[in-house]
Amino acid sequence: MLGQLEQLLGQLDELRARAIEELAPINASAALEEWDTRYLGRNRGELKNLSSVMPKLAKDERPVVGQKMNAVKTELERELATKREQLRQRELMLTLENERIDVTLPGRALPAGTMHPISRIILEVTQIFERMGFGIVQGPEVETDYYNFQALNIAEDHPARDMQDTFWVEPGQILLRTQTSPMQIRTMKQNQPPVRVVVPGKVYRNEAIDATHEAMFHQIEGLLVDEYCTMADLKGCLERFAHEMFGRDRRLRFRSSYFPFTEPSAEVDISCGLCGGKGCRSCKYSGWLEILGSGMVHPKVLREVGYDPTKYRGFAFGMGVERIAMLKYDVGEIRLFSGNDLRFLRQL
Ligand code: DAH
């Protein structure tokens with residue numbers, strides 16, 4: 001029978017061999033920490049367990065066992081450290097692989113916005129008039145009765161008010177402008193002639209909504225006042241606009257009309273672009289499409305803003321932007337412009 005010493009040394013060899021054999025296949029930190037506790041653990045580790053036999057050994061045997069124990073311990077610790085480092089490297093590689101970014105992939109294109117057709121028409125129209133020397137101004141959408149009606153020769157009981165159903169903010173005093181024409185008054189009151197402006201902006205009408213009417217839409221107002229200004233200038237100016245906007249082949253027709261703030265007044269039609277004036281469904285078989293209202297600034301309006309009507313004359317015009325867009329793009333439904341439906345907007 002072997003002595004206690006030999007038995008212990010044998011156990012140590014066996015422990016060492018088993019520990020190293022078990023260590024080899026370990027490939028996760030959790031398993032490695034388990035291995036550490038099992039063999040090297042300070043409380044119940046196998047090595048620690050064996051050392052508890054020490055006091056039973058003879059005095060001269062203890063250093064032998066002690067040395068062997070230290071050697072095994074050091075070796076296992078070294079193996080543990082090596083394995084830890086291996087696992088750390090491996091886990092790092094895995095994370096790097098998982099979080100890898102392929103910088104050679106083409107970028108994802110963000111959808112680029114484009115200008116709304118109404119904004120584009122406003123830009124096109126105002127640029128045409130800018131080239132003719134007009135300035136661009138904008139004004140308030142909440143107006144007073146004075147600027148929107150009275151100063152434009154539309155008195156309180158004037159039937160023309162019925163044409164423009166009004167959204168009142170303060171009944172009889174403050175309103176959402178029904179037209180851009182109040183900016184004629186504001187511009188003239190703030191400037192001395194010559195005056196040449198176009199005014200794009202939103203207008204509001206308390207109207208039954210249908211394919212050609214909305215409660216909010218856009219207008220562009222035009223105003224020119226100078227010492228010499230005739231209806232021929234108005235016609236030439238609007239003809240140039242129509243040619244640049246719709247094409248040289250289009251003709252204009254001036255139809256006598258009525259607006260309280262112009263005298264004489266004219267509604268302007270453009271020859272139908274689809275049938276060339278012969279008549280088709282688009283122009284209701286008339287060959288003409290109405291594009292704007294216009295006229296020579298009424299002397300009463302000039303007097304109202306402090307201009308001398310014997311010295312100055314002017315012309316004015318106003319067009320609906322949605323209407324121009326509908327004509328230009330041949331769209332029969334005004335609500336499409338405020339609908340924000342990309343299927344529609346992408347076609348224009
Ligand atoms: N303000 C008019 C409307 O909304 C349009 C208009 C007609 C404007 C004649 C003008 C003009 O400047 O001269 O119906």
Side-chain angles (χ1 to χ4, degrees), residues 122 125-126 129 134-141 143 145-155 158-167 175-189 195-207 212-226 229-239 241-242 252-270 290-302 304-305 307 309 312-324 334:
I122 289 176
V125 172
T126 51
F129 283 103
F134 287 75
I136 304 169
V137 293
Q138 286 183 289
E141 289 168 27
E143 263 295 4
D145 184 87
Y146 172 77
Y147 283 109
N148 194 84
F149 290 129
Q150 290 169 45
L152 288 162
N153 194 31
I154 312 173
H158 200 291
R161 290 197 183 205
D162 295 347
M163 283 161 43
Q164 305 183 355
D165 297 316
T166 310
F167 284 116
L175 46 78
L176 298 184
R177 68 178 178 192
T178 60
Q179 49 187 355
T180 42
S181 306
M183 274 306 284
Q184 289 189 27
I185 308 297
R186 288 185 180 275
T187 306
M188 287 189 282
K189 283 202 170 196
V195 165
R196 259 181 267 147
V197 290
V198 280
V199 190
K202 292 183 169 70
V203 299
Y204 301 84
R205 291 193 195 173
N206 191 357
E207 215 151 15
T212 53
H213 296 87
E214 281 238 76
M216 187 283 291
F217 57 100
H218 299 78
Q219 284 189 339
I220 298 175
E221 192 80 13
L223 173 69
L224 182 148
V225 183
D226 209 337
C229 173
T230 72
M231 196 130 185
D233 298 308
L234 169 66
K235 291 181 79 173
C237 185
L238 290 180
E239 200 160 83
F241 156 70
L252 284 193
R253 176 173 83 170
F254 286 71
R255 245 183 319 110
S256 134
S257 180
Y258 171 77
F259 299 102
F261 38 91
T262 46
E263 184 59 38
S265 303
E267 265 167 300
V268 180
D269 301 336
I270 189 170
E290 186 192 321
I291 58 168
L292 53 82
S294 67
M296 302 305 291
V297 179
H298 199 294
K300 273 188 170 175
V301 174
L302 292 176
E304 179 67 34
V305 299
Y307 287 6
Y312 295 110
R313 306 222 284 164
F315 66 70
F317 56 88
M319 65 184 90
V321 179
E322 279 78 358
R323 191 175 170 77
I324 301 284
I334 193 172

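Note that ligands are numbered from 1 as they come in the structure, with each ligand's atoms numbered from 1 the same way.
- You'll find the side chain of H213 reaches within 4.5 Å of the side chain of E207, heavy atoms only.
- When the options V203, N206, N148 are evaluated for a side chain to side chain contact (heavy atoms under 4.5 Å, CB included) with T178, the one that passes is N148.
- The heavy atom nearest to atom 9 (C) of ligand 1, out of those in A316, G293, A266, is found in G293.
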request  = Determine, step by step, whether Y204 and E143 satisfy the side chain to side chain donor-acceptor pair (under 3.5 Å) criterion, reporting the C-alpha distance in whole Å, the side-chain angles of both residues, the deciding distance to 0.1 Å, and the verdict.
outcome  = CA-CA 11 Å; Y204 301 84; E143 263 295 4; over 6 Å; no
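- Paired with F317 under the rule ring pair (Phe, Tyr, Trp, His ring centres under 6.0 Å), one option of F129, F241, F254 passes, and it is F129.
- Using a 4.0 Å heavy-atom cutoff, E263 is absent from the residues neighbouring ligand 1.
- Within a 6.0 Å radius of NZ in K189, more than 12 heavy atoms belonging to other residues, nucleotides or ligands are found.
- For the pair R313 (side chain) and P299 (backbone), a donor-acceptor distance under 3.5 Å is absent.
- Contact annotation: the side chain of F315 approaches that of C237 to within less than 4.5 Å [non-hydrogen atoms, C-beta and beyond].
- Every atom of ligand 1 is numbered from 1 in the order shown, and the set under 4.0 Å from a heavy atom of S181 is 1 (N), 8 (C).
- Atom-to-atom distance recorded for L176:CG and K202:NZ is 12.0 Å, nearest 0.5 angstrom.
- Ligand-side atoms of ligand 1 in range of Q179: 1 (N), 2 (C), 3 (C), 4 (O), range being under 4.0 angstrom from any heavy atom.
- Residue G295 has at least one heavy-atom neighbour below 4.0 Å for each of these atoms of ligand 1: 13 (O).
- If you look at F261 next to ligand 1, the close heavy atoms, those under 4.0 Å, all belong to the side chain.
- Checked against a 3.5 angstrom limit, the closest N/O atoms of F259 and ligand 1 fall outside it.
- If you check each of E221, E267, M296 against atom 10 (C) of ligand 1, the one with the closest non-hydrogen atom is E221.
- Under a 4.0 Å criterion applied to the non-hydrogen atoms of T262, ligand 1 contributes the atoms 13 (O).
- Annotation for ligand 1: atoms under 4.0 Å from non-hydrogen atoms of Q184 are 12 (O).
- In the vicinity of Q219, heavy-atom distances shorter than 4.0 Å reach the ligand 1 atoms 3 (C), 4 (O).
- Those atoms of ligand 1 with a heavy atom of R205 less than 4.0 angstrom away are 3 (C), 4 (O), 14 (O).
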